[in-house]
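The first residue in the sequence is number 1, and the count goes up from there. Bear in mind that the values here come from a model prediction, so they are computed numbers and not experimental data. Scope of the values below: all heavy atoms of this structure, side chains included, with no hydrogens, waters or symmetry mates.
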Amino acid sequence: QSDGASAAARAPSAQATAQADDGPDAETMKAAAVLRPDDLKGLQVRLRPPPRLEPVWSSLGTASGTPVSLWRAAGKDSSGKLRLSLGHFVATGVNDPLSNAPPHDETALDFAWERADPAAASSILTVELSDAYTFRRNRRGWLKACAERLFPAPIRFRQIWHLPQGDRSVYGWAPVPPDASHVALGHVATRTDEPPPLRSVRCVPIAMCDAVAPLRLVGASPAWTNSSLGGRKGSLWRHVHGGLLVVARGHALDQNGRFYRMKKPHIHAFDYRQALRAAPAEKPREPTSPPPPAPTPVSP
């Protein structure tokens, strides 16, 4: 058994393994609150593979036919860049899908995107924010502020389906965007019934996305179903543009459902400056105690 297979088979069961940051600090929130559309000049949004992947779950041991595995992005950001997760990934087999992947080719990805070629655009992809300007004070802080305003975390997760299989159990979750101006592209998996950390995934401005028919985006056949296991029907699908996980109740997708992909694999954020969401609300002030009532005059 390969190292990748061993890693997937040993996928951690603790909810604490879900990838998430610690939340924005006060300085980031202050910078995000005053960010203006013109401040997006120079911000580059690219789809790129993550440095590495960590296993979340595999179907090994469930006696459910061809094995599949679920993965999440991991690894440190490159200097001057900020990576954001759009969801978990699903792969056929249990080997790390990055282990035999060809080198990332941005030109080939651009052509594949234009042709809507699923086979050519099916590499593992996350969002990477970078700066086109050579000099910028506190670049890291600026990138984090842009991320808070353009790519917010969901407000909660909705459980779609779960497989009760003891230590091989898995739960599928859909991120709920904070408003109608944002969409979630992929789903997230956990090994327990505790929802994922909110900041384990980000939502995308709908202005940067195209709505695509499910048949074109995830294909006609799921990557995996629980058909041989019984119980409540469920299936795992692969979002062909980026390898993202899509979880469904039942063994077929709702063909009337709405699925999205980013318009292009390389976007100049300033071109979509109208997507800059409203500044985070200020913390409400504590109510002050009302003044004491005036004394009632006494009649002589």
Side-chain angles (χ1 to χ4, degrees), residues 2 4-5 7-8 11 18-19 45-59 66-75 83-106 108-113 115-128 151 160 170 172-175 183-190 196 200-204 208-210 212-225 235-248 253 257 259-267:
S2 69
Q19 184 186 28
V45 181
R46 286 185 170 88
L47 293 179
R48 295 183 58 85
R52 63 185 181 87
L53 296 173
E54 290 182 346
V56 175
W57 176 84
S58 82
S59 63
T66 303
V68 297
S69 50
L70 306 181
W71 304 78
R72 58 188 171 93
R83 180 171 38 82
L84 305 174
S85 171
L86 301 181
H88 286 171
F89 307 99
V90 60
T92 302
V94 293
N95 292 324
D96 183 337
L98 290 181
S99 59
N100 295 316
H104 181 62
D105 187 330
E106 288 193 2
L109 184 60
D110 286 338
F111 280 127
W113 223 261
R115 299 194 308 267
D117 182 353
S122 59
S123 55
I124 299 293
L125 301 170
T126 58
V127 162
E128 182 184 84
F151 299 92
I160 303 171
V170 66
W173 306 83
V183 293
L185 300 192
H187 293 166
V188 180
T190 63
S200 61
V201 67
R202 297 299 186 104
C203 301
V204 180
M208 293 185 181
C209 298
D210 289 323
V212 183
L215 190 62
R216 288 184 57 202
L217 205 57
V218 297
S221 301
W224 181 88
T225 75
S235 52
L236 308 179
W237 301 72
R238 190 175 192 272
H239 193 301
V240 293
H241 296 287
L244 291 168
L245 168 68
V246 176
V247 182
L253 278 180
F259 290 83
Y260 297 87
R261 71 162 189 167
M262 294 188 68
K263 288 181 179 293
K264 296 182 291 186
H266 179 196
I267 287 174

Peer 1: Is there side-chain contact between Val68 and Trp57, with at least one heavy-atom pair below 4.5 Å?
Peer 2: yes
Peer 1: I'd like to know if the side chain of Arg46 reaches the main chain of Glu128, judged simply by a donor and an acceptor atom lying under 3.5 Å from each other, with no hydrogens or angles considered.
Peer 2: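 No, Arg46 side chain to Glu128 backbone: no donor-acceptor pair under 3.5 Å.
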Peer 1: Taking side-chain contact (heavy atoms from CB on, under 4.5 Å) as the test, write out the residues that go with Pro50, two or more places apart.
Peer 2: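 Applying side-chain contact (heavy atoms from CB on, under 4.5 Å) to Pro50 gives Leu53, Ala73, Arg83, Leu98, Ile124, Thr126.
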Peer 1: Would you check, one step at a time, whether the test side-chain contact (heavy atoms from CB on, under 4.5 Å) holds for Leu236 with Val246?
Peer 2: CA-CA 6 Å; Leu236 308 179; Val246 176; over 6 Å; no
Peer 1: Please give me the minimum heavy-atom distance between Leu253 and Pro214, naming the atom from each residue.
Peer 2: CD1-CB, 4.5 Å
Peer 1: Please check: side-chain N/O of His239 versus main-chain N/O of Tyr260, any donor-acceptor pairing under 3.5 Å?
Peer 2: yes
Peer 1: Using 0.5 Å steps for rounding, measure from the OG atom of Ser69 to the CH2 atom of Trp224.
Peer 2: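 These two atoms lie 12.5 Å from each other.
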Peer 1: Taking Thr190 for its side chain and Pro196 for its backbone only, find out whether a donor-acceptor pair lies under 3.5 Å.
Peer 2: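 Not a single qualifying donor-acceptor pair exists.
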Peer 1: Can you name the nearest heavy-atom pair linking Ser235 to Thr225, along with the distance?
Peer 2: CB-CG2, 3.9 Å
Peer 1: Under 3.5 Å, is there a donor-acceptor pair between the side chain of Trp113 and the main chain of Met262?
Peer 2: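 Between the backbone of Met262 and the side chain of Trp113 there is a qualifying donor-acceptor contact (under 3.5 Å).
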Peer 1: Is there a side-chain contact between Arg202 and Val127 in this structure, where contact means two heavy atoms from C-beta onward sitting under 4.5 Å apart?
Peer 2: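 They are not in contact (no side-chain heavy atoms under 4.5 Å apart), so the answer is no.
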Peer 1: Might you work through the side-chain contact (heavy atoms from CB on, under 4.5 Å) test for His187 and Trp237, ending with a clear yes or no?
Peer 2: CA-CA 10 Å; His187 293 166; Trp237 301 72; over 6 Å; no
Peer 1: With rounding to the nearest 0.5 angstrom, report the NZ to CG distance, Lys264 to Asp210.
Peer 2: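 Atom-to-atom, Lys264:NZ and Asp210:CG are 10.5 Å apart.
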Peer 1: First locate atom CG of Leu86, then atom CG of Leu245, and finally report the distance between them rounded to the nearest 0.5 Å.
Peer 2: 12.5 Å
Peer 1: Would a 4.5 Å heavy-atom cut-off, applied to side chains only, mark Phe89 and Leu244 as touching?
Peer 2: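 They are in contact (side-chain heavy atoms under 4.5 Å apart), so the answer is yes.
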Peer 1: Mind running side-chain contact (heavy atoms from CB on, under 4.5 Å) on Ser85 and Val188 for me, showing each step along the way?
Peer 2: CA-CA 10 Å; Ser85 171; Val188 180; over 6 Å; no
Peer 1: Please report the interatomic distance OG(Ser58) to CH2(Trp71), rounded to the nearest 0.5 Å.
Peer 2: 8.5 Å
Peer 1: His104: which residues meet the side-chain contact (heavy atoms from CB on, under 4.5 Å) condition with it, sequence neighbours left out?
Peer 2: Arg48, Pro49, Glu106, Leu109, Leu125
Peer 1: Hey, what do you get for CZ (Arg261) to CE (Met208), rounding to the nearest 0.5 Å?
Peer 2: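 Output value for this atom pair is 15.5 Å.
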Peer 1: List the atom of Ser59, the atom of Thr66, and the distance in Å for their closest heavy-atom pair.
Peer 2: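 In this case the closest contact between Ser59 and Thr66 is OG-O, 4.2 Å.
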